[in-house]
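Data block below; observations after.
Reminder, nothing fancy here: chain letters follow the sequence lines and each chain counts from 1.
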Amino acid sequence: MSVLNMFHKHPELNTASILLVETERQHQDKLAEAILAAQRSFNVNVHLADSLPLPTRNEANRPRIDLVVFIVNHFSSRSLELTKSYLQHLDVMYFLGRLCFLVNDARSAKSDPDKLHAVREMAAKYSSPLLFTELQTEQGLATAADRLLVFTKVSAGFVPGVSSLFLNTLTSCSHPMESSSNTLVDTD
Amino acid sequence: MFFFTCLSARDVPGDLHSTPNISNPNGYASGNLETGLPSSRKYASFRRFSLHKPPSSREINKANNLSQKIEPEQISLLIGKDWHLHYVTPLYKFSHSAIRSYSRQLSAFIAAEKQKGVPFDMGSDNIFRVNFSIILGIAEKEGDSEAVFIQIYTKQFFAIQGTTENVIWSGWLACVNCNTEYISSLPPRFTYFPLFCSNGPETMTAIVRTWFQKTFDCNFGNLSINYSNLSWLAAIWTDCKQTVDFKYLKLSWTLPLRPPLDVTYTINSEDGWELWNSIHKENDQITLEEMGQFMYVLESHFFRHFKVHLTFGELIEVSTSLGVVQKNGRIKFLSGERMTAILTLLTENAVLMMPV
Amino acid sequence: MEYTVAKFLQKTLNKIPVSGLRRILEEWDFLSPAQLRSLDSAKYGPALRLKVLALCEENHVQTKHVIELDMIYNHAYSTKRNWSVFQFYEQQELTYTMKVTEFVEQFTANLKQLTSHVSVVIKQFEDDALLIRVAWGDNFKRPNHFFPTYAVYHPHSPYVFISHLGIKQRPLLLQALLIAAKYTDIKEIQLKGRCLKSLRDLVMRHFKPIPCPKASQEISASHPNITNEHAKHQAYLKLVADDAFGEGTLPLLETAVFKLETKFKDPVNRILENKTDPFRCVIKFSSPNLLESLKSSVELGIVNGALSPLLTSISLKARNHFVIKERMPTNAPGP
C-alpha cells in the first residue's frame, strides 16, 4: 500500500508545501489561490488532489508535504467514508500535528447535525484540528488561508521552539461527547 | 503573540466547555450563565447529553392508529394537509383553560396588524376569527401537554348573515413522548410544546408566531428533517404494510452534479415489505441497525445497477400513500397509522434543534 | 367575432410569451404592416394582447386563421410539449420517393374516412418538417381545438414525433400515417422528451461520438506554485466522458425511467436469498439536461471510471424508458 511519507525528502529552503485533498473538487482551487495570495514570509507550494494514494509518477517531483488538509463535504455521507479510507495512506508522522480537517458552510440551513457530529468524531479520533470555514466569500477564503498558513509555518519548522506536536495539543478537536458527560454540573 | 494567533486558529463553534484544557477548569468559563436560573444549567446539559445520542430503537406499537384514539372530526383536521414544521421553546404562563381568551386576543392582534399595514395575502375586506381548541389523545406520557389546535376563519366584511366562513389557516402545538427528565427540570409555569405545525399563507404564520412570541416569551424556528429521520420514517411506513395496504415507497434523492440530477426511487411495496421482513425481527421495536441496514441494502441495489453511490447526494423526500415527508420540514399525513411513533420522532427532533 | 373563435384566439394568444409575440405575428402575416406598427405603443402584455384581439376582429378573423397561428406558435415553441417518438418499419416500396402533396392528400383523406369529425391541417416549415395538426371531434361535438394532437414528420426519415395523442385516437392516427407514408408497420420507441431537435439527433444518430484517439489535455493550473496531483487522471476522466458522450452540446433529455425487475442480491447479508421473484422498483432520473449531468458524473469522479452500461445505453440505444429483467449478463430492454 503506497503511503505518503513525511521524512523521505529533504526540505527546501524557506519553502513549505500544503496538500489539499477534496473528493468533489469544489473549493480546492479557490482556497489554493487564496493561500498563495495571503501575506507570508516564506514560499508556499500547494498541491491539489482528489484522493489518496497520490499517483506514483509524480513522486520524484513532489516536494516534502508539510501539511495535509482534508476538505470534507459534510452534506454527503460518502465524502466522510472516502476521507476515512484515505487516512490509511498517510504516514503516522502526519498524525502528530501535520494533519487538519476542514468543513465548509457548517452554518447553512441545509447542514445535517448528525453528519457534522460524525466529522467531529473523526477529527477527535485522530486528534487533529477541525476548521469551520466559509469558503463562499472572499473574506472567508482569506481567513481560512491565514489559519492554514499558521499551521504550515509551524509544521515546516519556521517557528523556533514550537513543534507541530506542541501546537496540536492546543488545537486538536476534542470528542464531542466526552466532555459534557463527565462535567455535568461544572461546565454550564 | 504567537499564542494569540493559534487560539484564533482553533475554531470549535459555541461549545467553550467542550475543550476544558484551554479554559479555566474551575468552572469560570460560562460566567453569565451562573447568574441565571439554577436549573437552566441542569436542563441544558441534560439536553446535550441524553438527547444528542440517537435512540437505538423506536417503539412502534403494532395496534397503534391515532384514528382510534381521537374523534373522527378532529383527526380529519390533521390528515390530508401539508404541514410546515417548526420547533418552539417553552411557553411561559400558558394555560389550557384560558384558550377562549387566547382566541379573542389573537383575533384582536390580527385585526391590529392589518390596521398597521402589515402585508397580507388575503383580501383587505376580510375579517378574521380565531378558534383555539384542545385535541385530546395526541399526548402520550403524563408529562406531555395536551395538543392545542388553532384555526383561523375568514369571512367577507360585507357578507350577509349565514354565509359560511372559510378556514384559511390552521396550526397545532403538540408534545408527544417528550423526555420526562427535561420537562420536570423546567421551572414552574412553563408549558412545553416542542412541535408546531402550520398550514396556510406564510404571512399569517408569521403573525401567529409573533403573537405567541409576544404573549408567551417563546421562540420559533424552522425544523428540518435530516437523513436519519427520513430513514426512520421510511422504515416505519414500510412496517405498516401488514396492517394497512399501500402501493409503493418512494424515495427522492438529489445528486450534486452539474446540472443537479434528481433520482426518484420507487419501490413496490410488497417487495419492500418482504425485504423489511427479512431484516426486521418480529417485535414492537425498530432498531437503529435494522433501519440502517434497510436503507443500505436499498442503496446498494441501486449501486449494483447504476454504479453510482446515492450517498453522494442528499435524500430529500420520502413518500407513500400513508404520508409524505420532505427534508425542508414539510410533512403530510394521509393516515393515522403509526402517527404516534412519527410524532414522537418529530418531537425529539424539535427538542434537539432548539437552541439553549 | 363568433364566441368560439374569440375564445380560441384568446387562449392561443395567452400562451405566446410577450417577448416572442411580435415575431410570431409577423410570421402569421394576418395583420397588415400598419396594424403591426400600431402595436408598438402597447408595452404591457395584457394590453398588447387586447389590442391584437381588437385588430383581428377588424380583419374578420376565422377559425382557420387561428389554427395557423396555433401551428406557428407550436413550431416555434415546440419545447413546451412532450413528444413521443414513433418509428415506421418495412417500407412498402423501397424506391418510393415521397411527394409532399401526395402525402398530405392521402393522409387527410384517410383520416377523414376513418373518422369524420376531425379538422386536419398540415403545414410545411423551412427545415423540411411537416407539422400535422389534428383536432378531434365526434358525433356530438365539434372538433376540440383546445387539445389538438400534433405530429412532426420528416418525409425522408422513418420517424414521427407525436404529442398529445389520446388512447382512443391512437389507432386512427397511426393507420392514416401508415397509409399515407406507405409503410407496413409503426411502433412507438421508448423515447420521450421536450426538445424535438435533440430527439431527432438522438434517433438519427447525428450526434454520435467519434472515438478518435486524442491525447488527453491536462488543464494547467492558474499559478505556477499550484500543482494538481491528479491532473492526468482528471484529463483521462474527461476523455472517457467525451468518448461516451461526445464533445460539444449534448442532446437535451429531461428524464430517463428504468423499471427494474431483477433479483435482489446481497451476498454479504444473504437477505432474500431464497426468493426467486424479482425485486420490483422504478427509478427515474430527471434533470434540466440529463446527459450533461451523467457526463459530469464521470468527470467529477463520482462514478469510478466509466458509466454503467444501463446509463450509457440511453444515448447508445436512443431511448429513455427501459424495462430491465433478470437475464444476466445482458439486459433485456423491453418494448
Side-chain angles (χ1 to χ4, degrees), chain B residues 234 238 241 247-281 289-320, chain C residues 241 250 252-314 322 324 326 328 331:
Chain B
T238 310
K241 178 77 181 174
K247 289 281 174 312
Y248 58 81
L249 169 69
K250 187 163 86 155
L251 306 169
S252 301
W253 298 79
T254 173
L255 292 170
L257 299 170
R258 299 174 202 155
L261 183 65
D262 295 324
V263 180
T264 314
Y265 190 175
T266 311
I267 301 153
N268 184 303
S269 66
E270 273 151 24
D271 297 334
W273 164 243
E274 293 208 24
L275 180 65
W276 173 246
N277 234 357
S278 59
I279 297 177
H280 173 58
K281 289 193 284 290
E289 289 86 35
E290 287 170 356
M291 187 261 299
Q293 197 171 41
F294 183 57
M295 293 302 289
Y296 176 72
V297 295
L298 287 175
E299 285 158 17
S300 57
H301 185 73
F302 181 90
F303 181 73
R304 188 164 78 85
H305 290 90
F306 298 101
K307 303 285 183 284
V308 175
H309 286 276
L310 278 172
T311 41
F312 260 118
E314 292 173 59
L315 178 60
I316 38 178
E317 187 182 296
V318 173
S319 88
T320 66
Chain C
L250 293 170
L252 186 62
L253 274 182
E254 294 79 30
T255 56
V257 177
F258 290 84
K259 197 164 159 201
L260 299 180
E261 284 172 18
T262 50
K263 194 164 172 319
F264 194 90
K265 283 200 185 101
D266 192 353
V268 176
N269 296 313
R270 294 148 120 231
I271 296 173
L272 291 186
E273 206 179 16
N274 302 323
K275 231 175 109 36
T276 47
D277 294 340
F279 186 77
R280 290 161 286 174
C281 56
V282 176
I283 298 187
K284 178 171 164 187
F285 294 90
S286 59
S287 154
N289 189 337
L290 185 69
L291 294 175
E292 272 299 332
S293 290
L294 293 177
K295 188 174 175 187
S296 70
S297 75
V298 177
E299 285 173 9
L300 289 177
I302 287 182
V303 174
N304 282 339
L307 274 186
S308 81
L310 287 182
L311 291 173
T312 45
S313 55
I314 296 177
F322 295 87
I324 313 287
E326 187 78 31
M328 303 302 274
N331 309 325

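B:His301 has its side chain out of reach of B:Leu275: every pair of non-hydrogen atoms, C-beta onward, lies at least 4.5 Å apart. Using a 4.5 Å heavy-atom threshold, the side chains of C:Leu310 and C:Phe322 count as separate. Using a 4.5 Å heavy-atom cutoff, the side chains of C:Phe258 and C:Leu311 are in contact.
Top candidate by heavy-atom pairs under 4.5 Å with chain B, chosen from C:Val303, C:Leu300, C:Val257, is C:Leu300. Top candidate by heavy-atom pairs under 4.5 Å with chain B, chosen from C:Ser296, C:Ser293, C:Ser308, is C:Ser293. Contact tally against chain C (heavy-atom pairs below 4.5 Å) for B:Ser252, B:Pro259, B:Ser300: the top residue is B:Pro259. Interface summary for chain C: among B:Glu270, B:Arg258, B:His309, B:Lys307, the most heavy-atom pairs under 4.5 angstrom belong to B:Arg258.
Heavy atoms closer than 4.5 Å to chain B are found in both the backbone and the side chain of C:Ile302. Interface residue B:Phe312: only side-chain heavy atoms are found under 4.5 Å from chain C. Only the backbone of B:Pro260 comes within contact range of chain C, with at least one heavy atom under 4.5 Å from a heavy atom of that chain. For a residue to count as touching a neighbouring chain, one of its non-hydrogen atoms must lie under 4.5 Å from one of that chain's; by this rule C:Leu307 does not touch chain B.
Between C:Leu294 and C:Ser297 the shortest heavy-atom distance is O-OG, 2.6 Å.
In terms of modelled atom types and a separation under 3.5 Å, the side chain of B:Glu290 and the main chain of B:Lys281 share a donor-acceptor contact.
A side chain to side chain contact (heavy atoms under 4.5 Å, CB included) with C:Phe285 is found for exactly one of B:Asp262, B:Val263, B:Val308, B:Thr264, namely B:Val263.
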